[in-house]
Amino acid sequence: MSSIKVTVSGVEQAIEADQKPTHLFADNKEIVVCKINGLLRDLWTDLHDGDVIEGVTISSPEGLAVLRHSTAHVMAQAVQQLFSQTRLGIGPPITDGFYYDFDPPQPFTPEDLEKIESAMRKIVKEGQRFKRRVTTESDALTELAHEPYKCELIGIKGGGNDETNVEVGGTELTIYDNLGRDGQPVWSDLCRGPHLPSTKHIPAFKLMRSAGAYWRGSEKNPMLQRIYGTAWPSQDELNAYLELLAEAEKRDHRRLGQELDLFSFPEEIGSGLAVFHPKGGIVRRAMEDYSRKRHEEENYEFVYSPHLTKAALFQKSGHLDWYSEGMYPPMVMDEELHADGTIKRAGQQYYMKPMNCPFHNLIFQSRQRSYRELPLRLFEFGTVYRYEKSGVLHGITRARGFTQDDAHIYCTKEQMPGELDSLLTFVLNLLRDYGLSDFYLELSTRNPEKSVGSDADWAEATESLRKAALAQNLELVLDEGGAAFYGPKISVQAKDAIGRTWQMSTIQVDFQLPQRFELEFSASDGSKQRPVMIHRALFGSIERFFGVLTEHYSGAFPPWLAPVQVVGIPVSDSFADYLGDVISQMKKSGIRAELDSSDDRMQKKVRNAQMQKIPFMIIAGEEDMKAKAVSFRYRNGDQKNGVPIATAIAEITDAISTRIQV
RNA sequence: GCCCUCGUGGCUCAGUGGUAGAGCAGCUCAUUCGUAACGAGCAGAUCGUCGGUUCGAUCCCGACCGAGGGCUCCA
């Protein structure tokens, strides 16, 4: 046997020509795949003289993707074992897991998933080897004649997105055979690879759920059945992931909204339309009040506009042309009909507003504007109504009626860069005040296929946005071509307490509306000029931000936002008057304090307050009363006894005014 | 909108082709108790809505309304 020279992990060495990477890395069980000359390859790949080989561990991002993709294959094999009539779609790795799309005779039931999972465990146990086989288009079409979706992929080879690329994205068309103990193929799938050396390299996995999904992501295509799963390098990591999901479920704002009596969605009102209960109302008002105060400091002017308008306004803005299916249908007023039903007098159409901007434009236009007034910043807590598709509604974060903290800034071209810069700083600082601290920014640029406005305007606005973003020293992600047709935008993404990303604020330049409304101001030389218009919302919608904060804090709001800041718990009834007096003093200091005078035992009252996530429990009994003091119990279970009344009040008012979390 | 799952007292859930139970919450009584559920009793549901099948439906079928998980969508 001849030998060849290869470089393994940076070290040049001579090996037998029939040695594979799997042999080279035999002493490191963490290595499940490798890079040969920079390309990700199976550990069974043939080596050639001069190859440069690096091991890739199962825990690396690439290793995880391979693990998950291989697990998807095992799932597809199990599905076809159990349901032989099932045709295969695609099965790529995704964040934290994988999915595979199937076209089964019957949709999968939860019991099916259990069966599939145990069939998978068997396959994993068998240690089937993944073997790569190069084929040709015509051979593959013959071999996979019974797999119509796979044949379709062969037809679009190379042209697909990242997901279809997993199947056919390589330069060669390949099929992976799973070899049983006897070395004979037991199952095959069209796939680019690479894969784990064998199925026994799958340490931990779990099927999560099945769901419908359109073939290749288009709602014009048939609906396939997708099964989601997750796979990890160890059982511990799988458990940690499942715990994270359980934690996310516990802090789901829809669940907390009910448990903490914050809001509800009465069926009688309609899908996606919420009512805020008193406690939710307090949180919301605290949010709004603080936002209003900060906006006033930043020279915003507060305006109001009606919830509905004649069609003409949204015709002028263009919304009816491109957005009517997202709007509630019109109300026709004062229409008169002939006896035969034909129209005698045309009525007037009124629409619920899906946006506030046209109203603000009318305010701008209500009189002649001077350059001396600019930038003019019009702010409104504007409630809008959008007929979202039923399937997209999600608690309070995606609703059909919601209130935007909406402002439109009218300024000169020259003012725009400075305005965007100070605006972004303002936005981020305000979000920080609400307790979010981990951000990145996303800049959406022009889609040349679909946009209005001149090249120069776009370039200038995009550059101003980019400069403003870079000045923040935050990660900036480019969303190439992702802007709306009327102008570029920057959006602020925030991470919450358990690491999930939420899109928060958006700052959007608009080249369209000033033109459609023919907005003008008088410049210093007396000429008429068109202002630049900037749309911006910090919360997106108040309801949505409310939901995000609820999940971020898991319902344990910082004192300044908490519906009830203090609950007084007397050790027994005989101390209720004493403690009631302390609570009254707190109320006079502006603290949202309540006395629990129910006839529950104090332990029960503590439990109730704990479950309501009230920041401060103030307890008083014999000792405290004698000392003219109270005892604290904090949400985390800590205690502080014998605190003089004035000190206690000061501690609480201080926590509220500094907006700290406790 | 599409696919799947679900809809039983305020909440969480059990249950059956012959008109319903539990725990918590509520109310009453008892208790007055130092940091996460004292005890007893009472009350509370035309089993989402409307049709159909059936001698009879909360249970089977259909439509609608609503919820959940996804897909698509979010100007």
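Note that the coordinates shown come from a computational prediction; the quantities given were computed from them, not determined experimentally. Here is the naming used below: chain letters follow the sequence lines, and residue numbers restart at 1 for every chain. In what follows, every heavy atom counts, from backbone to side chain, and hydrogens, waters and symmetry copies are set aside.
- Distance A:M625 CE to B:rU32 P: 17 Å, rounded to the nearest Å.
- With RNA chain B read from its 5' end, the first of the two nearest nucleotides for A:D600 and A:Y214 is the one closest to A:Y214.
- Classified by interplanar angle (parallel below 30°, tilted 30° to 60°, perpendicular above 60°), the ring pair A:H408/A:H535 is perpendicular.
- Using a 4.0 Å heavy-atom cutoff across all strands shown, A:R633 reaches at least one base atom of the nucleic acid.
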Collect all protein-nucleotide pairs involving nucleotides 40-44 of chain B in which both atoms are nitrogen or oxygen and the distance is under 3.5 Å.
none

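- Of the residues in residues 480-496 of chain A, those with a non-hydrogen atom less than 4.0 angstrom from any atom of RNA chain B are A:A484, A:F485, A:Y486.
- Side-chain nitrogen and oxygen atoms of A:K604 include at least one within less than 4.0 Å of the OP1 or OP2 phosphate oxygen of B:rA25.
- Using a 4.0 Å heavy-atom distance criterion, A:P354 is classed as a base contact.
- Atom CD of residue A:Q661 and atom CZ of residue A:R635 lie 5.0 Å apart, to the nearest 0.5 angstrom.
- Counting any heavy atom pair closer than 4.0 Å across all strands shown, A:N608 reaches no nucleic acid atom.
- Put simply, A:H394 has a side-chain N or O that comes within less than 4.0 Å of OP1 or OP2 on B:rG69.
- Where RNA chain B pairs in unbroken runs of 3 or more (Watson-Crick or G-U, both distances under 3.5 Å), the stems are B:1-7 with B:65-71, B:10-13 with B:21-24, B:26-29 with B:39-42, B:48-52 with B:60-64.
- Going from atom CD of A:Q508 over to atom P of B:rC74 covers 13 Å, rounded to whole Å.
- Rounded to whole Å, atom C1' of B:rG70 lies 15 Å from atom CG of A:L207.
- Taking atom CD of residue A:E267 and atom C1' of nucleotide B:rU8, one finds them 14 Å apart after rounding to whole Å.
- A heavy-atom distance below 4.0 Å to RNA chain B is reached by these residues of residues 378-391 of chain A, ordered by number: A:R386, A:K389, A:S390, A:G391.
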Could I get a table of every N or O pair under 3.5 Å where one atom is in the protein and the other is in nucleotides 12-15 of chain B?
| residue | atom | partner | partner atom | Å |
| --- | --- | --- | --- | --- |
| B:rU12 | OP1 | A:Q258 | OE1 | 3.2 |

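- For A:Y634, no side-chain nitrogen or oxygen approaches OP1 or OP2 of B:rU35 to under 4.0 Å.
- Following rounding to the nearest Å, A:H253 (NE2) and B:rG68 (C1') show an atom-to-atom distance of 13 Å.
- Taking only side-chain nitrogens and oxygens, A:R254 comes nearer than 4.0 Å to OP1 or OP2 of B:rG68.
- Centroid-to-centroid, the aromatic rings of A:F364 and A:F517 stay 6.0 Å apart or farther.
- To the nearest 0.5 Å, atom OG of residue A:S598 and atom NZ of residue A:K605 are 4.0 Å apart.
- With the nearest nucleotide of RNA chain B identified for both A:A211 and A:I619, A:I619 has the one nearer the 5' end.
- Remark: A:S210 is not in phosphate contact with B:rC3, judged by side-chain N or O atoms under 4.0 Å from OP1 or OP2.
- Ring-centre distance between A:F102 and A:F83: not below the 6.0 Å cut-off.
- Taking the charged nitrogens against the carboxylate oxygens, A:E380 and A:K353 do have a contact shorter than 4.0 Å, which makes a salt bridge.
- Using a 4.0 Å heavy-atom criterion, one finds that A:G326 contacts no nucleic acid atom at all.
- The side chain of A:R209 places no N or O atom within less than 4.0 Å of a non-bridging phosphate oxygen (OP1 or OP2) of B:rG69.
- Aromatic ring pairs are classed by plane angle as parallel below 30°, tilted from 30° to 60° and perpendicular above 60°; the pair A:Y634 and A:F632 is parallel.
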**Q.** ring pair (Phe, Tyr, Trp, His ring centres under 6.0 Å) between A:Y100 and A:F98, intermediate numbers included
**A.** CA-CA 7 Å; A:Y100 211 116; A:F98 59 89; 8.9 Å; no

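- Counting non-hydrogen atoms under 4.0 angstrom, A:V392 reaches a base of the nucleic acid.
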Any N/O pairs under 3.5 Å between the protein and nucleotides 27-29 of chain B? List them or say none.
none

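- Heavy atoms of A:S631 sit under 4.0 angstrom from at least one base atom.
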